[in-house]
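A short worksheet on the structure shown next.
Everything numeric in this text was worked out from a predicted model, so none of it was measured. The analysis underlying the following values was restricted to heavy atoms, covering all of them including side chains, and did not include hydrogens, waters or symmetry mates. All chains are named by letter (A, B, ...) in the order of the sequence lines, taking the proteins before the strands, and each is independently numbered beginning at 1.
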There are 2 protein chains.
Amino acid sequence: MKQKTMHKNFLQKAEDLLTSCQLRKTHPRLEILRALLQTNCPLTQEQIAERIGSRSPDKTTIYRTLMTLMQHNLVHQAYLKGRARYFEPAGRCRADQCHPHFTCTSCGKTHCFYDAEIPAVRNIPAGFLVRHSQLRLEGLCANCQNDSACQPDPDNS
Amino acid sequence: MKQKTMHKNFLQKAEDLLTSCQLRKTHPRLEILRALLQTNCPLTQEQIAERIGSRSPDKTTIYRTLMTLMQHNLVHQAYLKGRARYFEPAGRCRADQCHPHFTCTSCGKTHCFYDAEIPAVRNIPAGFLVRHSQLRLEGLCANCQNDSACQPDPDNS
DNA sequence: AAGTAGTTGCAACTAAGTTGCAAGAAAAAC
DNA sequence: GTTTTTCTTGCAACTTAGTTGCAACTACTT
Ligand SMILES: [Zn+2]
Ligand SMILES: [Zn+2]
Ligand SMILES: [Zn+2]
Ligand SMILES: [Zn+2]
């Protein structure tokens, strides 16, 4: 029951977001947006496809849809380790700064710190106009601190 | 003269760094380290090869050398826009935080803010042990603020 | 219901990075 | 200073992540 309600809500929210940007409410867009809204960490194209499952759109469509959603500021990228691009809903950040992302060096999981705040940076060189900032944090998550077998891995890139 | 002196110094520094890690002082390692030490912004494999010029090692060697240098903490990665990996000498950062990187949204150039400092982040969720932080800044560089033709480009990824 | 403009899937392609392995070069041993 | 050992390199082939062109399709408009 509760599941179904949440499900409905995310789909409804996806529709509302598309409407607000005057974008067509196509099946791929609704599914992709819903997948992003349902999770609380940034996802790659492949992870989005996995979560949608067998009805997932082609990867080309996923990338093109993400580009469209980024152009309309419904989605943005997080810059994490590794070569893949990570996407998440915009609108969980302030205009001048994204929420920080924490990646555990032991288990590799990334968490969004929605409520953490980046204080103003000191000693910005003269002449630069800073408009936006993003913070990447690394360390150990609660699980990996407790589990003695988990030690930070110095060469995971 | 001054050029030659600086040149000599960077090569000497590269040798010293390799010695300090008990790594063999091979031609590719010296050239790659020197290329990184000579510049003041992070470089991709391709940019390193360009700067070394015709005597540049194979790209496989460049990547493998960078991995080796990272394992010995002589080099680390910067996480910037785009798909390529960027490398720079370690040792221009504090242990708990890298120096911030500023990327101009208009011209795309990246600058290292060696002296800027990230104040402690507030509201880190309980249970997480933060060991390291990296800050990415975006905005307009001095040139692009003055040049009226330069406007921030919302969709350069 | 028909028209139109925007969207999708497929196949082929590109860019960035990795792997296996034989040949080559540093350092160590003699 | 030559030999031996061990580490390092270059090449070719491969993988992964993302992009492009284009014909078929579908959401919205009239
Ligand atoms: Zn962990
Ligand atoms: Zn996030
Ligand atoms: Zn600029
Ligand atoms: Zn830097």
| message | Under 4.0 Å, counting only non-hydrogen atoms across every strand here, what does A:Lys59 touch: a base, just sugar-phosphate, or nothing? | response | base

| query | Okay, side chain of A:Arg34, backbone of A:Ala14: is any donor-acceptor separation there less than 3.5 Å? | reply | no

| message | Check the phosphate of C:dT18 against B:Tyr63, side-chain N and O only, distance under 4.0 Å to OP1 or OP2. Yes or no? | response | no

| field | Atom-pair distance (CG on B:Asp58; C1' on C:dA22), nearest Å | value | 14 Å

| note | Rounded to whole Å, the CD1-P distance (A:Ile32 to C:dT7) equals 13 Å

| Just wondering, more than 12 heavy atoms not from A:Glu117 lying within 6.0 Å of its CD? | yes

| request: Assign A:Thr60 to base, sugar-phosphate, or nothing according to its heavy-atom contacts below 4.0 angstrom with the strands shown. | output: base

| task | Report the distance from atom CD of A:Glu46 to atom P of D:dG18, rounded to the nearest whole Å. | result | 9 Å

| message | Once you apply a heavy-atom cut-off of 4.0 Å, does B:Gln45 come out as touching a base, just sugar-phosphate, or nothing? | response | nothing

| field | Under 4.0 angstrom between B:Thr26 side-chain N/O and C:dA25 OP1 or OP2 | value | no

| Any A:Arg85 side-chain nitrogen or oxygen under 4.0 Å from OP1 or OP2 of C:dA16 | no

| message | Taking the nucleotide of DNA chain D with the nearest heavy atom to each, does A:Arg24 or B:Leu23 sit closer to the 5' end? | response | B:Leu23

| request: Tell me, please, whether A:Tyr79 has A:Arg136 positioned over its six-membered ring: NZ or CZ under 6.0 Å from the ring centre and within 45 degrees of its axis? | output: no

| said: Check this for me, if you would: do A:Lys81 and A:Glu138 make a salt bridge, where the nitrogen-to-carboxylate-oxygen distance has to be below 4.0 angstrom? | reply: yes

| Hey, does B:Arg64 reach any base, or is it just sugar-phosphate, or nothing, if we go heavy atoms under 4.0 Å? | base

| Can you check the A:Leu66 CG to C:dT8 C1' distance for me, whole Å? | 14 Å

| task | Let me know the distance between CD1 of A:Ile48 and C1' of D:dG18, rounded to the nearest Å. | result | 13 Å

| message | Go through it in stages, so that I can follow the logic: the residues are B:His101 and B:Phe113, the test is ring-ring contact (aromatic ring centres under 6.0 Å, His included), and I'd like the CA-CA distance, side-chain angles, deciding distance and then a yes or no. | response | CA-CA 6 Å; B:His101 286 111; B:Phe113 285 181; 8.8 Å; no

| DNA chain D: 5'-proximal contact among B:Ile62 and A:Thr44 (nearest heavy atom) | B:Ile62

| query | Which of these nucleotides, D:dG10, D:dT19, C:dG17, is closest to any side-chain atom of B:Thr61? | reply | D:dG10

| task | Could you tell me the separation between the CZ atom of B:Phe87 and the C1' atom of C:dA16, rounded to a whole number of Å? | result | 11 Å

| request: Map B:His27 and B:Tyr86 onto DNA chain C by nearest heavy atom, then report which one ends up closer to the 5' terminus. | output: B:Tyr86

| query | Within this structure, what is the CG-to-C1' distance between B:Leu30 and C:dA26, rounded to whole angstrom? | reply | 12 Å

| Integer-rounded Å distance: C:dT7 C1' and A:Leu18 CG | 13 Å

| field | Sugar-phosphate only, base, or nothing, as touched by A:Thr68 at under 4.0 Å among non-hydrogen atoms | value | nothing

